[in-house]
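Written below as C-alpha cells is the structure these notes are about.
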Amino acid sequence: MKNLTILAIETSCDETSCSIVVDGIYEVCTSTATSADMHEKTGGVVPEIAARKQLESIAPVLQDCMQAYCTKKDIPFASAREFLMSNIDAIAVTVGPGLIGSLLVGVEASKTLALLADRPLIAVNHLVGHIYANFLDNPEILKLEESGDLFPAVVLVVSGGHTDLVLMQGHNDLKYLGGTLDDAAGEAFDKVARLLGLAKYLGGVQVSTQAALCVDNTLKGKLPRPMLGQPNFDFSFSGLKTAVRKLIEDKAAPVDVICCEFEAAVCDVLVKKTMKAVQQFNAKSVLLGGGVSANSQLRARIGLAAKEHAIPVFMPPIRLCGDSAAYIASAAYFKNSSLSIVGNFDNFVVDPSLGILD
Ligand code: KG4
Ligand code: ZN
C-alpha cells in the first residue's frame, strides 16, 4: 500500500462535503453540511440559495474535516497549510455535473488548497464518484478485482438528476449503454412524492416508506413499465409520473398502494434492463450507485436477480448512496493514483452538464 492520502471536496448541489481518504478506500473522516431543509421550505432546490449556503459552509466544513483527521490520528492541528503539507498528497474535487454556483465554490476552494500546499488537483465527475461508493472500506470488491472477477461490471447510477447504465471494463474504462431520455429515476420519485403531498423536496424516502406499508397491491401491473420491451438500455420515467397523477385524480387506491405500484414499476424497469445488460455483455458483477440505490425494494430485487445469475452485486452502504466527498476521493485515487497531474489548472473546466463518460 502506498499510503496516498487525498482530501476531496464535493459541492455539486445542496451538500458541502469534505473527506480525507487513504489509498482510495480507507475513509479517515468526512464532514458534511447540507442546505436541504431550506429547499424543503421552497419546494425545490433554489440554485442561488444552494450556492450561498455552499459559500457559508465551505470553510467551516474544511476546517472541521482537517481537525477531525487530527483528532482521529491524535496529532495537533496548527494551521491549514501546515496540515496539508504534512498529511495530504493530493486534492480532489467534483467538477460536474451539478449546479454551476455550487460547483464553483468547491472548485475554487480546492484550487486554493492545492496552490497553498503545492499539491496536485484531480478533477472528478460526480456520477463516476457515485460508482466508487462501492469501493470505500470494501476489501471484498478489491479481492474480486485482483482475481479478475469484477470487470466487466454493469453499473447502474440512479440519482436525482441522472439514470445511467454503463459497462465498466476497468478503472477509467466506461462504456455507455443507455440512460434516461427524460426524468431521472430519483426525479420521478420526488415528483410522485410532491403529487401525493408526501414531501416538497427529495421525496424518495417518503414514497418508499409508504410503499412498505402496502400489504396488497391492488394496482399491480396498472402502471406502465416504460421502454421495458425495447431492445436498448434507455429509460423514460416522465410518463410514469403522469400515470400516477391520473391514479390520484381517479382516487384509484390509497397512497400506500399507489406508492407500492409506482416503486414496483420503477424497479421492474431498472432491474430488468440491468440484468439484460449483464447477459448481453457477459458481465461478471453488478454495481449500484446514487441516491436511489438507497431504495430497499431496488436493493432487494437487484440482489435477488444477481443471485439468480450467480454474480456478485455491490451496493453502497445507505450513508454513501447520497452525496459525499468520500467517494470523490476514492474516484480520484483510481483515476490518477500516479498523481501525474501537478499544479496545472489550465484545463480545469467546471461543467454543470457533464455526462458520465465526460
Ligand atoms: O445522488 P443523490 O443524493 O443526488 C444527486 O446526485 O442527484 O440522489 C438524490 C435522489 C433524490 O431524488 C432522492 O429522492 C432519491 O435520490 N432517493 C431515493 C431514496 N433515497 C434517496 N429514492 C427512492 N428511494 C429511496 N430510499
Ligand atoms: Zn449525487
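It should be emphasised that the depicted structure is a prediction, and the values quoted were computed from it without experimental measurement. Counting convention: from 1, in listed order, for ligands and their atoms alike.
In terms of protein heavy-atom proximity, atom 9 (C) of ligand 1 is closest to Gly160 N, 3.7 Å. From the protein, the heavy atom lying nearest to atom 24 (N) of ligand 1 is Asn295 ND2, 3.0 Å. Atom 6 (O) of ligand 1 has as its closest protein heavy atom His126 NE2, 3.2 Å. For atom 3 (O) of ligand 1, the nearest protein heavy atom (residue, atom name, distance) is Gly322 CA, 3.4 Å. At the top of the distance list for atom 19 (C) of ligand 1, counting protein heavy atoms only, stands Gly291 O, 3.8 Å. Scanning all protein heavy atoms for the shortest distance to atom 14 (O) of ligand 1 gives Asp190 OD1, 2.6 Å. Looking only at heavy atoms of the protein, atom 22 (N) of ligand 1 is closest to Gly204 CA, 3.5 Å.
His309 has its side chain out of reach of Ser285: every pair of non-hydrogen atoms, C-beta onward, lies at least 4.5 Å apart.
Of the possible polar contacts, one joining the Lys72 side chain to the Val28 backbone as a donor-acceptor pair under 3.5 Å is found.
Inclusion of Cys13 in the first shell of the Zn ion (ligand 2) is not supported: no N, O or S atom falls under 2.8 Å. Here His130 meets the criterion, with an N, O or S atom under 2.8 Å of the Zn ion (ligand 2).
Of the charged side-chain nitrogens involved, at least one lies within less than 4.0 Å of a carboxylate oxygen, so that Lys53 and Glu56 count as a salt-bridged pair. Using a 4.0 Å cut-off between charged nitrogen and carboxylate oxygen, Lys273 and Asp234 do not count as a salt-bridge pair. A salt bridge is defined here as a Lys NZ or Arg NE, NH1 or NH2 lying under 4.0 Å from an Asp or Glu carboxylate O, and Lys111 with Glu108 meets this definition.
At least one heavy atom of His130 sits less than 4.0 Å from an atom of ligand 1. In this structure, Glu263 falls outside the shell of residues with a heavy atom less than 4.0 angstrom from ligand 1.
The nearest N/O/S atom of His126 to the Zn ion (ligand 2) is NE2. Within Asp323, the N, O or S atom at minimum distance from the Zn ion (ligand 2) carries the name OD1.
Ligand 1 has no nitrogen or oxygen under 3.5 angstrom from a nitrogen or oxygen of Ser208. In terms of N/O distances under 3.5 Å, ligand 1 is not approached by Leu202. Annotation: Gly186 places an N or O atom under 3.5 Å from an N or O atom of ligand 1; distance criterion only.
Considering every non-hydrogen atom in both Thr163 and Ala184, the closest pair reads OG1-CA, 3.4 Å.
Ring centroids of Phe189 and Phe237 are separated by 6.0 Å or more, keeping the two rings apart. Aromatic pair His171/Tyr132: ring centres closer than 6.0 Å.
Exactly one of Tyr327, Phe314, Tyr26, Phe334 qualifies for a ring pair (Phe, Tyr, Trp, His ring centres under 6.0 Å) with Phe135. That residue is Phe334. For the side chain to side chain contact (heavy atoms under 4.5 Å, CB included) with Val155, the qualifying choice from Ile356, Leu177, Val166, Leu165 is Val166, the only one to do so.
The distance from ligand 1 to the heavy atoms of Gly161 drops below 4.0 Å at these ligand atoms: 7 (O).
Taking the centre and axis of the six-membered ring of Phe233, the NZ or CZ atom of Lys276 falls inside the cone set by 45° and 6.0 Å.
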